[in-house]
Amino acid sequence: MKFNKLLVIAGGLSFIASLLHIACIFGGPDWYRFFGAGEHMAQLAEQGSTYPTFVTLIISAILAIWGMYALSGAGVILKLPLLKTALVLITGVYLLRGIAGLIAPFVTTSQLIHHNSIVFWIVSSIVCSIYGLFYLLGTLKLFRTHTSSAL
């Protein structure tokens, strides 16, 4: 059986992101700062609050689920429910985050945006855009494969 390599890569990237989020929990406040969670999250972690851990675990779980959907679309694991819809939405989230993150710091003065550095926004947005491109190209390939096999 031939797998959709683009979605295998996309899934791997989401799993890496998920694991990096878990690493932040164990790495503590300095890791939260380094990976751009913001000073507030780092300070909460320093104070022993469970909030950063809880939020980070939720994000990690979502990213892992996205990785599972990519592997499902790639044909590596069983077909998950609403596969094509989920892949389109996941692609959209990654690309929207990537593109918006390259624009927002330059067009707003919002503290929500500017609590992170321009370097954070550029680097993380490029990363999200790359993830999104793998999901996009892999999902398009999946749609083409299913369309051509239905003919």
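Because the structure is predicted, anything quoted here is derived from the model rather than measured.
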Check for me, please, whether [X] and [Y] land in the same ILVMFWY cluster - side-chain distances under 4.5 Å, paths through other members count.
{"X": "Tyr135", "Y": "Ile59", "result": "yes"}
{"X": "Leu71", "Y": "Leu13", "result": "yes"}
{"X": "Leu95", "Y": "Tyr69", "result": "no"}
{"X": "Tyr131", "Y": "Ile62", "result": "yes"}
{"X": "Leu136", "Y": "Leu83", "result": "no"}

Flag, side chain of [X] to backbone of [Y], donor-acceptor distance under 3.5 Å:
{"X": "Ser49", "Y": "Ala45", "result": "no"}
{"X": "Thr108", "Y": "Ala104", "result": "no"}
{"X": "Tyr32", "Y": "His40", "result": "no"}

Rounded distance [0.5 Å steps], [atom1] in [X] versus [atom2] in [Y]:
{"X": "Ile118", "Y": "Ile122", "atom1": "CD1", "atom2": "CD1", "answer": "6.5 Å"}
{"X": "Cys128", "Y": "Arg97", "atom1": "SG", "atom2": "CZ", "answer": "4.5 Å"}
{"X": "Ile9", "Y": "Ile16", "atom1": "CD1", "atom2": "CD1", "answer": "10.5 Å"}
{"X": "Leu63", "Y": "Leu20", "atom1": "CG", "atom2": "CG", "answer": "9.5 Å"}
{"X": "Asn4", "Y": "Leu137", "atom1": "CG", "atom2": "CG", "answer": "9.5 Å"}
{"X": "Ser14", "Y": "Leu19", "atom1": "OG", "atom2": "CG", "answer": "11.0 Å"}

### Task
Test Leu57 against Ile22 for side-chain contact (heavy atoms from CB on, under 4.5 Å), laying out the working first.
CA-CA 7 Å; Leu57 284 173; Ile22 297 294; 3.6 Å; yes
### Query
Taking all non-hydrogen atoms of both residues, which atom of Ser129 and which atom of Ile99 are closest, and how far apart?
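For Ser129 and Ile99, the tightest heavy-atom pair comes out as OG-N, 4.0 Å.
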### Message
So which atom in Tyr51 and which in Met41 form the shortest heavy-atom distance, rounded to 0.1 Å?
### Response
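Tyr51 and Met41 have their closest heavy atoms at CE2-SD, 3.7 Å.
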### Message
Looking at Phe106, I'd like to know if its CZ atom is crowded, meaning that more than 12 non-hydrogen atoms belonging to other residues, nucleotides or ligands lie closer than 6.0 Å.
### Response
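Yes, CZ of Phe106 has more than 12 neighbouring heavy atoms, counting only those of other groups under 6.0 Å.
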### Message
Does Lys84, at its NZ atom, have more than 12 non-hydrogen atoms belonging to other residues, nucleotides or ligands within less than 6.0 Å?
### Response
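Count over threshold, so yes.
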### Message
For Tyr94 together with Trp66, are the ring centres under 6.0 Å from each other?
### Response
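Here the rings of Tyr94 and Trp66 have centres that are less than 6.0 Å from each other.
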### Leu87 side chain reached by Phe143 side chain, heavy atoms, under 4.5 Å
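Sidechains of Leu87 and Phe143: no contact.
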### Task
Applying side-chain contact (heavy atoms from CB on, under 4.5 Å), run through Phe35 and His21 and close with a yes or a no.
CA-CA 9 Å; Phe35 283 105; His21 279 79; over 6 Å; no
### Message
Whether the Glu39 and Gln43 side chains hold a donor-acceptor pair (N or O, under 3.5 Å, no angle test) is what I'd like checked.
### Response
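Their side chains do contain a donor-acceptor pair, which is all the 3.5 Å distance test asks for.
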